[in-house]
Protein chains: 2
Amino acid sequence: MDAANILRNRGLRVTKIRVAILEALGEGLQALPYGDLQKKLSQFDRTTIYRTLLALIDKGLIHKALEENNESYYALCSDCTSNLHNHNHVHFKCNECSSVQCLHISKEVGLSIPEIVIDSIEITAKGTCSTCLLTH
Amino acid sequence: MDAANILRNRGLRVTKIRVAILEALGEGLQALPYGDLQKKLSQFDRTTIYRTLLALIDKGLIHKALEENNESYYALCSDCTSNLHNHNHVHFKCNECSSVQCLHISKEVGLSIPEIVIDSIEITAKGTCSTCLLTH
DNA sequence: ATCTTTTATGCAACATTGTTGCGTTTATGT
DNA sequence: ACATAAACGCAACAATGTTGCATAAAAGAT
């Protein structure tokens with residue numbers, strides 16, 4: 001399904017920047033920091049990028065993969081709905097090339113601690129990605 | 001051991017702001033966002049707080065517990081050295097009161113994924129803390 | 001206690017990102 | 001093509017991060 005139809009299905013109007021952001025995030029199937037998005041989409045106003053990201057997050061099309069060094073990384077959602085973001089996956093950042101990707105793992109990571117109630121767990125792993133392993 | 005001696009042991013000069021930050025983070029044994037530190041330490045310059053945090057992180061006395069909504073949360077280290085930050089713990093954020101604490105768990109969270117090498121894993125859990133469970 | 005030297009601090013300045021208001025433009029159904 | 005609700009672009013401001021540099025303070029030597 002192309003970006004335009006994805007947007008229509010979530011009740012969002014089809015605009016250039018929305019299509020552009022979905023395509024930008026879809027290219028490498030990896031998370032991009034805000035700064036990269038701004039460079040890629042320099043023909044659009046910064047505010048528009050900001051509000052578009054909010055809208056796409058709100059409708060469950062993208063998610064904030066991680067925040068690091070004051071940069072937010074955004075990635076496509078694989079199985080979120082307008083009502084529920086469902087991220088049972090690990091965010092992996094490569095220390096070599098700084099790329100961030102969502103790793104879909106089967107294993108559930110459970111965690112139980114007395115006296116507190118845990119609703120959700122976020123896991124961020126760091127290491128070396130497959131591409132960088134090959135080149136070094 | 002008091003803040004002054006902790007600083008001397010890591011080869012850091014004992015200054016007002018360093019003592020103040022260590023004491024601020026030591027009070028509730030919980031992580032504080034940068035903004036809170038700045039309010040608490042308003043008699044000091046913003047730049048000084050910034051550089052002091054860097055110095056304390058560098059020497060393994062404090063660590064950045066998490067970044068969320070463009071706020072960095074800082075907490076005391078329990079067993080880090082000048083050479084190695086060793087954080088085998090979970091960062092827990094309460095959705096009710098927004099407090100962040102380090103939970104020291106015994107369980108090791110292992111994760112293995114083909115084709116990549118994982119060096120470290122960070123876990124952030126969200127839910128309701130013991131204090132908020134009692135009051136609701 | 002004073003001096004010296006190294007280090008830390010405060011101030012100014014600028015970059016980046018987040019955020020809101022508002023007038024103008026655009027997307028979509030009629 | 002038109003009307004209208006929504007999105008966009010611009011201006012403006014806040015918060016945090018970051019650096020350079022002159023001044024002040026800490027630690028060891030005298």
Side-chain angles (χ1 to χ4, degrees), chain A residues 2-24 31-59 61-75 82 98 100, chain B residues 2-24 31-59 61-75 82 98 100:
Chain A
D2 65 345
N5 279 315
I6 292 172
L7 289 167
R8 285 193 198 95
N9 285 352
R10 298 292 168 107
L12 286 171
R13 291 191 177 183
V14 179
T15 66
K16 284 173 195 160
I17 191 169
R18 287 175 183 171
V19 171
I21 286 187
L22 289 180
E23 289 179 346
L32 292 181
Y34 172 80
D36 281 19
L37 282 172
Q38 198 176 309
K39 276 173 215 147
K40 270 197 180 185
L41 308 170
S42 55
Q43 70 266 38
F44 300 102
D45 185 78
R46 209 166 63 75
T47 312
T48 306
I49 298 176
Y50 166 71
R51 279 194 264 235
T52 301
L53 291 171
L54 286 185
L56 296 179
I57 290 172
D58 183 54
K59 297 297 178 179
L61 290 175
I62 67 173
H63 64 285
K64 194 181 275 198
L66 66 89
E67 289 182 61
E68 191 175 71
N69 297 127
N70 319 304
E71 276 204 305
S72 295
Y73 287 69
Y74 298 92
S82 297
S98 296
V100 173
Chain B
D2 66 344
N5 279 314
I6 291 172
L7 288 167
R8 284 193 197 97
N9 285 350
R10 299 291 169 107
L12 287 171
R13 289 188 178 183
V14 179
T15 65
K16 283 175 195 159
I17 191 171
R18 290 177 179 167
V19 171
I21 286 187
L22 290 180
E23 289 179 346
L32 293 181
Y34 172 80
D36 280 19
L37 282 172
Q38 198 176 309
K39 276 174 215 144
K40 269 197 180 185
L41 308 170
S42 56
Q43 70 267 39
F44 300 102
D45 185 77
R46 209 166 63 75
T47 312
T48 305
I49 297 175
Y50 167 71
R51 280 196 263 237
T52 302
L53 290 171
L54 287 185
L56 296 179
I57 289 173
D58 183 55
K59 297 297 178 180
L61 289 175
I62 67 174
H63 64 285
K64 195 181 274 197
L66 66 91
E67 290 183 60
E68 193 176 69
N69 297 125
N70 320 304
E71 276 204 307
S72 296
Y73 286 70
Y74 299 92
S82 299
S98 296
V100 173

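Throughout, protein chains are lettered first and strands after them, A, B, ... in sequence-line order, and every chain is numbered starting at 1.
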If I take atom [atom1] in residue [X] and atom [atom2] in nucleotide [N], what distance separates them, rounded to the nearest angstrom?
X       : N      : atom1 : atom2 : answer
B:Asn69 : D:dA14 : CG    : C1'   : 15 Å
A:Ile49 : D:dA7  : CD1   : P     : 17 Å
A:Lys64 : C:dT17 : NZ    : C1'   : 10 Å
B:Lys39 : D:dA15 : NZ    : P     : 9 Å
B:Phe44 : C:dA8  : CZ    : C1'   : 12 Å
B:Tyr50 : C:dA13 : OH    : C1'   : 15 Å
A:Asp36 : C:dT16 : CG    : C1'   : 14 Å
A:Leu12 : D:dA5  : CG    : C1'   : 14 Å

(message) Between A:Asn70 and A:Asp45, which residue's closest nucleotide on DNA chain D lies nearer the 5′ terminus?
(response) A:Asp45

(message) Here's a test of your reading of the structure: between A:Gly11 and B:Glu71, which maps to the more 5' nucleotide of DNA chain D?
(response) A:Gly11

Polar side-chain contact [X]-[N] base: donor and acceptor under 3.5 Å:
X       : N      : result
B:Arg51 : C:dT9  : no
B:Arg8  : D:dG28 : no
A:Arg46 : C:dG18 : yes

[X] versus [Y]: any side-chain heavy-atom pair under 4.5 Å?
X       : Y       : value
B:Asp58 : B:Leu54 : no
A:Thr52 : A:Leu41 : no
A:Leu56 : A:Tyr74 : no
A:Leu32 : A:Lys40 : yes

(message) Please check: side-chain N/O of B:Glu67 versus main-chain N/O of A:Asn69, any donor-acceptor pairing under 3.5 Å?
(response) yes

(request) Give a yes or no answer on whether the side chain of A:Asp45 reaches the backbone of A:Thr47 with a donor-acceptor pair at less than 3.5 Å. (result) yes

(request) Counting heavy atoms from C-beta on, name the nucleotide in C:dG18, D:dA11, D:dA25 closest to the side chain of A:Thr47. (result) D:dA11

(request) Can you figure out which of C:dA27, C:dT19, D:dT18 approaches the side chain of A:Arg13 most closely? (result) C:dA27

Is there a side-chain polar atom (N or O) of [X] under 4.0 Å from OP1 or OP2 of [N]?
X       : N      : value
B:Thr52 : C:dT9  : yes
B:Ser72 : D:dG17 : yes
B:Thr48 : C:dA8  : no
A:Thr15 : D:dC8  : yes

(request) Between B:Ile17 and A:Gly35, name the one whose nearest nucleotide on DNA chain C is closer to the 5' end. (result)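 The residue mapped nearer the 5' terminus is B:Ile17.
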
(request) Between B:Gln43 and A:Lys16, just flag the one whose closest nucleotide in DNA chain C comes earlier from the 5' side. (result)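 The answer here is B:Gln43.
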
(message) Does B:Arg18 reach a base, just sugar-phosphate, or nothing at all? Heavy atoms under 4.0 Å.
(response) sugar-phosphate

(request) Scan A:Tyr34 against the nucleic acid and name what it touches under 4.0 Å (heavy atoms): base, sugar-phosphate only, or nothing. (result) sugar-phosphate

